[in-house]
Amino acid sequence: MKVLVVGSGGREHAIAWTLLNSPNVTQVFCAPGNGGTATLENCQNLTISVDDFAGIVQAVTTHQIDLVAVGPEVPLSMGIADYLQERNISVFGPVKAGAEIEASKTWAKDLMIEGKIPTAKAATFQDANSAKNYINQEGAPIVIKADGLAAGKGVIVAMTQAEALAAVDELFNQKFETLVIEEFLVGEEASVLAFTDGKTILPLVAAQDHKRVGEGDTGKNTGGMGAYAPAPLVTPEISQRIKTEVLEPAIATLNKRGIDYRGILYAGLMITPEGKPNVVEFNCRFGDPETQVVLPLLATPLDELMLACVNQTLDQVELQWRDGSAVCVVAAAGGYPDAYAKGKQIKGLDQVTEAIAFHAGTKLVDQQVVTNGGRVLGITALGADFQEAIAKVYTEVEKVNFEQMYYRRDIGHRAR
Ligand code: AMP
Ligand code: GLY
């Protein structure tokens, strides 16, 4: 079968790579893809942007594509799944109404309250004065979030009241109109991605990502500087709690609202020291860079899982996993998540033999791979255990370079 992957990041490279490992998949197309998908065997980039729905429909006809797999949240929240479904095209990813779970933090909060899903206490504000009054009343630490898609950059975890007050002005001064102010949750974070066809839920092994730019989890929040899986923090007991206390009630509440959710439901969790899973956020798609560690461990063909979600036959599929651990280190452009340079030549990629170099912000120019984004590469190694995977991944990362390449040297440290 032929699959069209929508998106251009490391996640989409990992999805395309995993699909091509399946015996059923003969050809993958990416819209628009990146330098990694451009050089992947049996994979072809199409110059179609993720929001060009008509262009995607046309590509489906031209190339006789059997399934469209949507990576990023933006086209999902714009209704790409609805658009393709109306035209009888198989699409993996939730409809617009379901993507609200990520697109609107207030909508997601209401859903969690309705489904009695454990999460932080929160209040919503449209003006700076009332937001600041609330902060003065609640004190710090406290968390300020922009309502809307912000690529992981609209959240400020304020450890002091002064920081929280400044965050209110900072976010209102940007384009955001609504802020959600939340109780600070204590614990350790984990991401659980689950396949769902709206009835059956199949959670994947838990992953942990490193959201802060600096070593020791310091500095600004980013889209993710690395990840590892399976996260030892999520024991079988905690896994079970996540399923029954978070994922099942989320799908049940979506159903109650008449939303037929098929695709990935991603729960970003704060696991308390007592093992209680509190929801930090829901996403309507695969996580990035979690996908780059979870999919290489998956032994069940990805196309079978995606089709089972689309056709509502997920109850007939069993998840199988490879043994061992996976670690992904993101190589970023110096300066990220603030301003950074693009167009820098990437050297040494052909030397990476013991790991998979997933491309994120890259493109192919005159047969040369150059940097084209903040997160440039996500290099994933597998090992019998974390120690082996970590040692391997850093050996491979060091073979690659581009001007001002930056990466954290402590990815996976919590798992060792
Ligand atoms: P979000 O975009 O909602 O996932 O938030 C980004 C990051 O901010 C999360 O991964 C957490 O590290 C942190 N964060 C968000 N909400 C909270 C909270 N209520 N308590 C503590 N940390 C939080
Ligand atoms: N790794 C965080 C995300 O994909 O949202």
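Each ligand, and each atom within it, is numbered from 1 in the order the structure gives. In this text the structure is predicted, and so the values were computed from the model without any measurement.
- Remark: T272 OG1 to N278 CG distance equals 6.5 Å, nearest 0.5 Å.
- Of all the listed residues (V157, I181, D209), V157 holds the heavy atom that lies closest to atom 13 (C) of ligand 1.
- Side-chain rings of F286 and Y266 stay apart, their centers remaining 6.0 Å or farther from each other.
- In this structure, the side chain of Q208 does not engage the main chain of Y228 through any donor-acceptor pair within 3.5 Å.
- Of all atoms in ligand 1, listed by their number and element, those nearer than 4.0 Å to a heavy atom of K105 are 1 (P), 2 (O), 3 (O).
- For ligand 2, the atoms sitting less than 4.0 Å from at least one non-hydrogen atom of G287 are 4 (O), numbered in the order shown with element in parentheses.
- Ring pair Y83/F53 is tilted by interplanar angle, where 30° to 60° counts as tilted.
- The distance from atom CG of D209 to atom SG of C328, rounded to the nearest 0.5 Å, is 10.0 Å.
- Using a 4.0 angstrom heavy-atom cutoff, G224 does not count as in contact with ligand 2.
- Short contacts between ligand 2 and E290, defined as distances under 4.0 Å to a heavy atom of the residue, involve ligand atoms 1 (N), 2 (C), 4 (O).
- Regarding atom 5 (O) of ligand 2, its nearest protein heavy-atom neighbour is R285 NH2, 2.8 Å.
- The pair E138-K121 counts as a salt bridge, with a side-chain nitrogen and a carboxylate oxygen less than 4.0 angstrom apart.
- Of the listed residues (K145, E189, M270, K211), the one carrying the non-hydrogen atom nearest atom 12 (O) of ligand 1 is E189.
- The single protein non-hydrogen atom nearest to atom 2 (C) of ligand 2 is Y266 OH, 3.3 Å, given as residue, atom name and distance.
- The shortest N or O to N or O distance between D209 and ligand 2 is under 3.5 Å.
- The backbone N or O of R262 sits nowhere less than 3.5 Å from a side-chain atom of T196 that would complete a donor-acceptor pair.
- Across D288, T291, T222, heavy-atom proximity to atom 4 (O) of ligand 2 is greatest for D288.
- Contact analysis leaves G268 out of contact with ligand 2, as no non-hydrogen atom separation drops below 4.0 angstrom.
- Aromatic rings from Y406 and Y336 are positioned such that their centres are separated by 6.0 Å or more.
- Under a 4.0 Å criterion applied to the non-hydrogen atoms of G223, ligand 2 contributes the atoms 1 (N).
- Of the polar atoms of N283, at least one N or O is found under 3.5 Å from an N or O of ligand 2, judged by distance alone.
- Under a 4.0 Å N-O distance rule, the pair K199/D197 does not qualify as a salt bridge.
- Residue-to-ligand polar distances place L185 within reach of ligand 1: an N/O pair is separated by less than 3.5 Å.
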